[in-house]
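All residue numbers refer to positions in the sequence shown, counting from 1.
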Amino acid sequence: MAVNSVSITGNLTRDPELKATAGGTGVLSMGVAVNERRKDPATGEWGDYPSYVDCVVFGNRAEALARILAKGSKVAVHGRLRQDRWQDQDGRNRSRIEVVADEVDLMQRSGEARAASPSPTAAQASQTPAKAAPADDLYASDIPF
């Protein structure tokens, strides 16, 4: 039996992009930067080395998250890996791996949410799959984005 499960925590690298399938299902694409902390062998200094992960959310969650997420938002994404394969215009085989999110948790206090958007109504908040933010500032200063 194979298990396809992934969890990442990081910051959005750009504003999420909401599109729709031909059938009208919402599709939210977003990039998440995740850091690996390691020692630079040349200098002996510790540093953050980012990796960039493409994520996608489908359905009502995509539409709800599009209203509240913005570049720099701290998120935890839980889902599964999916590989897309295609041929480019030159006939070369191409592929990419992305995370298909089953759950996206907001990792910030409500006051830090998207400043440009009005706060969600009670009906919108109940549709949002976000969980309450952690009480401490565990993620506040260790991610440089």
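- In this structure, Leu28 is a member of the same hydrophobic cluster as Leu81, with clusters built from ILVMFWY side-chain heavy atoms closer than 4.5 Å.
- Arg82 CZ to Cys55 SG: the interatomic distance, rounded to the nearest 0.5 Å, is 11.5 Å.
- For the atom pair CZ (Arg14) and OG (Ser29), the distance works out to 7.0 Å, reported to the nearest 0.5 Å.
- Here the closest non-hydrogen pair linking Ala70 and Leu12 is O-CD1, 3.5 Å.
- The side-chain tip of Arg37 does not point at the ring of Tyr49 from less than 6.0 angstrom away and within 45° of straight on.
- The shortest distance between side-chain heavy atoms of Arg85 and Asn93 does not fall below 4.5 Å.
- The closest donor-acceptor contact from the side chain of Asp15 to the backbone of Lys71 lies under 3.5 Å.
- A distance-only check finds no donor-acceptor pair linking the side chain of Asp90 to the backbone of Arg92 [under 3.5 Å].
- When every heavy atom of Gly44 is checked against every heavy atom of Lys39, the shortest pair comes out as O-CE, 3.1 Å.
- Here the closest heavy-atom approach between residue Asn11 and residue Gly72 is recorded as ND2-O, 2.9 Å.
- Applying the salt bridge (charged side-chain N to carboxylate O under 4.0 Å, His left out) rule to Arg94 yields no partners; only residues at least two apart in sequence or on another chain are considered.
- When the side chains of ILVMFWY residues are joined at heavy-atom separations under 4.5 Å, either directly or via intervening members, Val32 and Val100 end up in two distinct hydrophobic clusters.
- A donor-acceptor contact shorter than 3.5 Å is absent between the side chain of Asp48 and the backbone of Asn35.
- The shortest non-hydrogen separation linking Glu63 to Gly24 is OE2-O, 4.4 Å.
- Both Ile8 and Val75 are members of a single hydrophobic cluster when ILVMFWY side chains are connected at heavy-atom separations under 4.5 Å.
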(Q) Let's go through Thr13 and Met30 carefully: what are the C-alpha distance in whole Å and the side-chain angles of both, what is the deciding distance for side chain to side chain contact (heavy atoms under 4.5 Å, CB included) to 0.1 Å, and is it a yes or a no? (A) CA-CA 8 Å; Thr13 60; Met30 57 188 176; over 6 Å; no
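- When all heavy atoms of Ala76 and Met107 are compared, the pair lying nearest together is N-CG, 3.6 Å.
- The nearest pair of heavy atoms linking Lys19 to Glu17 is CE-OE2, 2.6 Å.
- The hydrophobic cluster containing Val99 does not contain Val56, counting ILVMFWY residues as joined when their side-chain heavy atoms lie under 4.5 angstrom apart, directly or transitively.
- No chain of hydrophobic side-chain contacts below 4.5 Å, direct or via other Ile, Leu, Val, Met, Phe, Trp or Tyr residues, connects Leu65 to Val27.
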